[in-house]
**Student:** 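Could you have a look at this structure, given as structure tokens, before my questions?
Ligands are counted one by one from 1 in listed order, and the atoms in each one are counted from 1 as well.
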Amino acid sequence: MKAIVQDTYGEPEAVLSLQDVAKPAVNDGEVLVRVHAASVHVGDWMLVKGVPYIARPAYGMPRPKSRIPGTDVAGTVEAVGKDVTELRPGDDVIGWCAGAFAEYACATQDHFVRKPANLTFEQAAAIGVSASTALQLLRDQGRVQAGQKVLINGASGGLGTFAVQIAKAFGAEVTGVCSSKNVDMVRSIGADHVIDYTREDFTRSGQRYDFILDNVANHSLPETRRSLTPTGMLQSNNGTSGGRWFGTLGTVIKSAAASRFARQQLGPSIKFQNRADLHVLTGLIEAGKITPVIDGTYPLSGTPQAIGHVGKGHARGTVVINVNGADHA
Ligand SMILES: NC(=O)c1ccc[n+]([C@@H]2O[C@H](COP(=O)([O-])OP(=O)(O)OC[C@H]3O[C@@H](n4cnc5c(N)ncnc54)[C@H](OP(=O)(O)O)[C@@H]3O)[C@@H](O)[C@H]2O)c1
């Protein structure tokens with residue numbers, strides 16, 4: 001099968017290449033999926049670059065643990081191993097696996113759920129790490145309730161576009177912060193108010209929020225706290241600012257320390273992917289409350305360019321890889 005292969009860390013276009021590799025074997029409890037589409041999130045870019053360096057033991061030393069990068073997939077079940085009871089060949093699924101940027105990918109059955117019928121494979125591939133992280137941050141960290149005022153800083157990216165829609169689905173009054181070119185898009189996905197960061201600084205507006213999801217970290221902690229209600233919560237979620245060695249570890253430690261002395265909560269985020277959350281998300285999608293925003297689509301051979309684009313930090317929604325060259329409804 002064709003797959004994108006990575007044997008060392010570096011710039012996507014320098015270290016990724018399209019190669020012929022063996023199709024994964026299906027072991028007991030596993031599902032082999034013919035991948036129709038995969039999506040790229042910021043974590044894919046970080047893994048290809050191998051940054052921050054402190055994460056290298058987790059990524060793999062001296063080279064990535066998985067030769068094929070990519071996690072989020074949408075496709076059709078090709079084969080199932082012994083003890084797989086919930087899925088069968090021919091089922092259309094979405095989920096996570098190691099090695100999504102390939103024609104076939106394999107993982108245990110608890111990594112997949114059935115694809116919502118109202119999404120194309122390209123749209124469905126966008127659900128995954130970004131949508132489930134947004135869900136966990138708003139529901140579990142922020143405990144966002146109907147009627148609360150929520151601000152999403154970085155509302156136009158892969159995670160932000162899901163966060164705006166999920167916060168709206170929870171009944172919050174949502175303010176999205178983005179640049180001029182994305183104002184209409186962020187409003188179209190449900191934001192009640194949109195702040196164009198090129199014209200206005202939300203920390204100086206005097207408006208206060210019950211929950212701020214900060215995907216950008218372009219303000220100091222005291223500046224952002226000014227925009228919280230006395231009992232509000234700031235969730236700093238930026239994973240890309242900070243140095244090559246330690247990334248955002250410093251921000252996480254500062255937030256955790258500050259929250260011990262402030263009435264406002266400033267918790268670090270704890271995230272993990274699980275199938276129950278995929279079911280919550282597909283329910284919201286089928287109810288018409290979430291529709292993925294697609295920045296653009298690349299062929300499998302264009303994966304290095306797609307990852308490079310995401311790494312620049314200005315994606316507009318989610319970047320998708322169309323693996324077999326045709327979108328299936
Ligand atoms: N995606 C995930 O699954 C995930 C999981 C955990 C943590 N994170 C972290 O969450 C952050 C956001 O992730 P993402 O997937 O949404 O990133 P992304 O797809 O790269 O989007 C970043 C967005 O931030 C906007 N932006 C840039 N500068 C801004 C500013 N000064 N004010 C407001 N918006 C600004 C960009 O819009 P413009 O082009 O208009 O500037 C862009 O749409 C990253 O730091 C990432 O490490 C992501």
Side-chain angles (χ1 to χ4, degrees), residues 12 38-49 51-52 55 70-72 96 100 125-138 140-141 151-167 175-187 189 191 193-205 212-220 223-224 227 234-243 247-249 251-252 255 267-273 277-278 281 292-296 306-320:
S39 72
V40 180
H41 57 81
V42 179
D44 296 314
W45 173 78
M46 292 168 75
L47 197 143
V48 169
K49 294 267 294 179
V51 292
T71 50
D72 296 349
W96 302 285
I127 313 296
V129 174
S130 298
S132 60
T133 304
L135 174 68
Q136 289 175 12
L137 293 172
L138 290 156
D140 306 339
Q141 303 286 117
L151 179 132
I152 315 288
N153 189 29
S156 52
L159 191 140
T161 48
F162 284 113
V164 168
Q165 297 180 76
I166 293 168
T175 300
V177 184
C178 62
S179 67
S180 316
K181 65 180 189 291
N182 290 320
V183 166
D184 289 345
M185 182 272 283
V186 170
R187 192 169 288 122
I189 57 172
H193 315 281
V194 183
I195 296 174
D196 177 348
Y197 71 77
T198 66
R199 292 161 186 256
E200 192 184 343
D201 177 348
F202 77 87
T203 66
R204 295 182 180 278
S205 69
I212 295 176
L213 175 55
D214 185 4
N215 294 315
V216 188
N218 55 326
H219 298 281
S220 70
E223 280 171 346
T224 313
S227 302
L234 165 64
Q235 180 65 64
S236 184
N237 179 51
N238 181 275
T240 43
S241 61
T248 53
L249 186 64
T251 311
V252 171
S255 301
S269 61
I270 299 156
K271 305 167 286 281
F272 56 94
Q273 281 81 53
D277 284 349
L278 267 188
L281 291 165
V293 176
I294 306 299
D295 168 291
I307 295 175
H309 171 57
V310 169
K312 292 195 180 99
H314 293 285
R316 189 172 190 264
T318 305
V319 172
V320 173

**Student:** Are any side-chain N or O atoms of Thr224 and backbone N or O atoms of Ser220, one a donor and one an acceptor, separated by less than 3.5 Å?
**Tutor:** yes
**Student:** Given Thr133, Val42, Val310, which has its nearest heavy atom closest to atom 5 (C) of ligand 1?
**Tutor:** Thr133
**Student:** Can you tell me which portion of Asn215 lies within the under-4.0 Å heavy-atom range of ligand 1? Options are side chain, backbone, both, or neither.
**Tutor:** both
**Student:** Within the 4.0 Å heavy-atom shell around Lys181, which atoms of ligand 1 are there?
**Tutor:** 38 (P), 39 (O), 40 (O)
**Student:** Grab the two heavy atoms, one from Ser130 and one from Gly158, that are nearest each other, plus how far apart they are.
**Tutor:** CB-O, 3.7 Å
**Student:** Checking the N or O distance criterion of under 3.5 Å, is ligand 1 in contact with Arg316?
**Tutor:** no
**Student:** Between Asp72 and His41, which heavy-atom pair has the shortest distance, and what is it?
**Tutor:** OD2-CD2, 3.6 Å
**Student:** Do Cys178 and ligand 1 have an N or O pair less than 3.5 Å apart?
**Tutor:** no
**Student:** For ligand 1, which atoms sit closer than 4.0 Å to a heavy atom of Ser130?
**Tutor:** 1 (N), 2 (C), 3 (O)
**Student:** Mark up the atoms of ligand 1 that fall under 4.0 Å of a heavy atom belonging to Gly160, in ascending order.
**Tutor:** 16 (O)
**Student:** Could you pull out all residues at least two apart from Phe202 that satisfy ring pair (Phe, Tyr, Trp, His ring centres under 6.0 Å)?
**Tutor:** His219
**Student:** Under 4.0 Å from any heavy atom of Ala315, which atoms of ligand 1 are there?
**Tutor:** 19 (O), 42 (C), 43 (O)
**Student:** If hydrogens are left out, which of Phe202, Trp45, Tyr197 has an atom nearest to atom 28 (N) of ligand 1, that is, the closest non-hydrogen atom?
**Tutor:** Tyr197
**Student:** Minimum heavy-atom separation for Asn215 and Gly154, please, with both atom names.
**Tutor:** ND2-O, 3.2 Å
**Student:** Name all residues meeting the side-chain hydrogen bond (donor to acceptor under 3.5 Å, both in side chains) criterion together with His314; count only those two or more places apart in sequence or in a different chain, and write none if there are none.
**Tutor:** none
**Student:** Tell me which one of Ile152, Leu138, Thr161 satisfies side chain to side chain contact (heavy atoms under 4.5 Å, CB included) with Ile166.
**Tutor:** Leu138
**Student:** When you look for heavy atoms under 4.0 Å from ligand 1, do you find them on the side chain of Leu159, its backbone, both, or neither?
**Tutor:** both
**Student:** Which ligand 1 atoms are under 4.0 Å away from a heavy-atom of Val177?
**Tutor:** 33 (C), 34 (N)
**Student:** For the residue pair Phe162 and Ile127, what are the closest heavy atoms and their distance?
**Tutor:** CE2-CD1, 3.8 Å
**Student:** Just to check, does Gly43 reach to within less than 4.0 Å of ligand 1 when the distance is taken from its heavy atoms?
**Tutor:** no
**Student:** Can you see which heavy atom on Lys181 is nearest to which on Arg316, and at what distance?
**Tutor:** O-NH2, 3.8 Å
**Student:** Considering the heavy atoms of Asn153, write down every atom of ligand 1 situated less than 4.0 Å from one of them.
**Tutor:** 32 (N), 33 (C)
**Student:** For atom 25 (C) of ligand 1, state which one of Ser156, Ser39, Gly157, Gly176 supplies the nearest heavy atom.
**Tutor:** Ser156
**Student:** Evaluating non-hydrogen atoms only, which member of Gly311, Ser132, Gly313 is closest to atom 36 (C) of ligand 1?
**Tutor:** Gly313
**Student:** Is there at least one pair of N or O atoms, one from Ala155 and one from ligand 1, spaced under 3.5 Å apart?
**Tutor:** no
**Student:** Would you say Asp214's side chain and Ser236's backbone share a donor-acceptor pair under 3.5 angstrom?
**Tutor:** no
**Student:** Of the options Asn153, Thr203, Val177, Asp201, which is the one that meets Asn218 in a side chain to side chain contact (heavy atoms under 4.5 Å, CB included)?
**Tutor:** Asn153
**Student:** Going by distance only, is there an N or O of His314 that falls short of 3.5 Å from an N or O of ligand 1?
**Tutor:** yes
**Student:** Check Val129 against ligand 1 and report side chain, backbone, both or neither, counting heavy atoms closer than 4.0 Å.
**Tutor:** both
**Student:** Using modelled atom types and a 3.5 Å cut-off, is there a donor and acceptor pairing between side-chain atoms of Ser39 and backbone atoms of Ala125?
**Tutor:** yes
**Student:** Would you call Lys312 a ligand 1 contact, heavy-atom distance under 4.0 Å?
**Tutor:** no
